[in-house]
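Each remark here refers to the structure printed beneath this line.
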Amino acid sequence: LSLRLATLDATQKDTAMNAPLYSLPTLFLSAQDVATLVHRLGLPAALDRMAGTIHADYLRWPDFDKSARVASHSADGVIELMPIADDTTYAFKYVNGHPKNTQSGLPTVMAFGVLADVDTGVPVLLSELTLTTALRTAAMSVVAARALARPGSRRMALIGNGAQSEFQALAFHHLMGINEIRLYDTDTAATRKLMANLAGLPGLKLIVCDSTAQAVHGADIVTTVTADKTNATILTPEMIEPGMHINGVGGDCPGKTELHPDVLRLASVFVEYEPQTRIEGDLQHLPADFAVTELWHVLAGNAPGRTDAAQVTLFDSVGFALEDYSALRFLREAAGELGLGQALPLIPALTDPKDLFGLLRRAEPRPVALALAA
Ligand SMILES: NC(=O)c1ccc[n+]([C@@H]2O[C@H](COP(=O)([O-])OP(=O)(O)OC[C@H]3O[C@@H](n4cnc5c(N)ncnc54)[C@H](O)[C@@H]3O)[C@@H](O)[C@H]2O)c1
């Protein structure tokens, strides 16, 4: 390199040394970018587009190369990788679940994810997914409830008022017409936070309850979105009334569940990807031959969802990689429309793709072997 530089004039030298080392276009979306995106679109429209994208991708279920997520468990939590691909696009999400985190000022759930081009492997998008996971989980809950809850459902119980809860409340309010939400959390400060965040929203009545049983009584839809690294029994069979739809969101890990097994026995149970839910969902308490229906069959019209008004339906949600694929796809499209995000110099663009070593030479004006030895 020093020999080659010696043959250049001062301007050429300057240009050569300052040439961008990296230029493949990976779009980066920060949490602030995603918040701005939601503000610009409006939360109801953002949730609606997210739900629409998820629904459309669920209708393409057979196109996807699917697998249960890869989980690394520890004493207080789990870290998971969630990959999925179709013929053109690969996606993965990194996500954790550490219920004790809130005691030390960290969120229970944190995430980021990537979309990549299947033909070349180029990562085209790297995005925050912490905020996005809350949006996509709420949107997915609505996609399931639209197919499974009684038409005309207006009253929801919301058990667990932590980070995900406002998103659930607003998705059900804006997309499903829920106009009364009955709240319960063992931590009254969490409920006060939810009340403050959603105060003054016209057409939405919030009622604070003293117990799960009180909140659930008379509800059309019951959403459980608690976090505790234990087999909790948030819902027991005597709380369940004919016709209820249960949206079970917080039981999503081995040894971390929310429902008494008899709640599943009295319901028709719907799941995202059966092999994953058998391991992670409330379904883990039931025998391997307990009948469930994958939701995509219902959305595609291959299987019945709700068949009568008295039937109890249960969406045993654990969060499946396809929803994050859809979320990333939606973010990329909306960010393009709104001009959000930055080009991230993640992957080197090489003049000679076989000369990766040349990257070190361009970064270092001295003979590279000497510099590396120093
Ligand atoms: N299914 C999915 O796709 C999906 C996606 C994201 C998060 N989750 C799960 O949703 C849950 C909630 O996540 P978060 O980010 O809101 O967590 P968070 O820690 O912010 O909130 C959880 C709330 O549950 C409350 N809680 C705990 N035990 C309770 C009980 N017995 N009764 C009533 N309330 C109780 C806590 O006080 C807390 O306020 C977690 O378990 C998380 O793993 C699932």
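First listed ligand is number 1; within each ligand, the first listed atom is number 1. Count residues from 1 along the sequence. These figures come from a predicted structure and were not determined experimentally.
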> Among Asp324, Ile159, Thr108, Thr226, whose heavy atom sits nearest atom 40 (C) of ligand 1?
Replying inline: Thr226

>> For atom 12 (C) of ligand 1, tell me which residue out of Asp185, Thr186, Val225 has the closest non-hydrogen atom.
In response: Val225

> Does Ile221 reach the side chain of Met244, with side-chain heavy atoms less than 4.5 Å apart?
Replying inline: no

Which of the numbered atoms in ligand 1 are below 4.0 angstrom from a heavy atom of [X]?
{"X": "Ile234", "result": "30 (C), 31 (N), 32 (N)"}
{"X": "Asp187", "result": "37 (O)"}
{"X": "Gly162", "result": "16 (O), 20 (O), 21 (O), 23 (C), 39 (O)"}

Closest approach of any protein heavy atom to [atom], naming residue and atom:
{"atom": "atom 1 (N) of ligand 1", "value": "Ser317 OG, 2.9 Å"}
{"atom": "atom 14 (P) of ligand 1", "value": "Gln164 CG, 3.4 Å"}
{"atom": "atom 5 (C) of ligand 1", "value": "Thr137 OG1, 3.2 Å"}
{"atom": "atom 27 (C) of ligand 1", "value": "Ala227 O, 3.4 Å"}
{"atom": "atom 20 (O) of ligand 1", "value": "Ala163 N, 2.9 Å"}

> Can a salt bridge be assigned to the pair Glu280 and Lys256 using a cut-off of 4.0 Å between side-chain N and carboxylate O?
Replying inline: no

Is a donor from one side chain sitting under 3.5 angstrom from an acceptor on the other, for [X] and [Y]?
{"X": "Tyr90", "Y": "Asp117", "answer": "no"}
{"X": "Glu80", "Y": "Ser72", "answer": "no"}
{"X": "Asn101", "Y": "Thr108", "answer": "no"}
{"X": "Thr223", "Y": "Asn247", "answer": "yes"}
{"X": "Thr313", "Y": "Arg306", "answer": "yes"}

Does any N/O atom on [X] come nearer than 3.5 Å to any N/O atom on ligand 1?
{"X": "Val109", "answer": "no"}
{"X": "Lys256", "answer": "yes"}
{"X": "Thr133", "answer": "no"}
{"X": "Gly250", "answer": "yes"}
{"X": "Pro99", "answer": "no"}
{"X": "Asp252", "answer": "yes"}
{"X": "Asp228", "answer": "no"}
{"X": "Thr102", "answer": "no"}

> Where does Val318 meet ligand 1, judged by heavy-atom distances below 4.0 Å: at the side chain, the backbone, both, or neither?
Replying inline: backbone

> Between Ala190 and ligand 1, which residue portion shows a heavy-atom distance shorter than 4.0 Å: side chain, backbone, both, or neither?
Replying inline: side chain

>> According to side chain to side chain contact (heavy atoms under 4.5 Å, CB included), who are the partners of Thr188, at least two apart in sequence or on a separate chain?
In response: Arg192

>> Going by the rule side chain to side chain contact (heavy atoms under 4.5 Å, CB included), which residues pair with His260 if we only count those two or more places apart in sequence or in a different chain?
In response: Thr233, Thr236, Pro237, Asp262, Val263

> Between atom CD1 of Ile54 and atom CD of Glu272, what is the distance when rounded to the nearest 0.5 Å?
Replying inline: 9.5 Å

> Between atom OG1 of Thr226 and atom CG of Leu158, what is the distance when rounded to the nearest 0.5 Å?
Replying inline: 10.5 Å

> How about Phe64 and Tyr325: are their ring centres within less than 6.0 Å of each other?
Replying inline: yes

>> Between ligand 1 and Arg136, can you find any atom pair, the residue atom being a heavy atom, that is separated by under 4.0 Å?
In response: yes

>> Within a 6.0 Å radius of atom CG on Asp87, are there more than 12 heavy atoms belonging to other residues, nucleotides or ligands?
In response: no

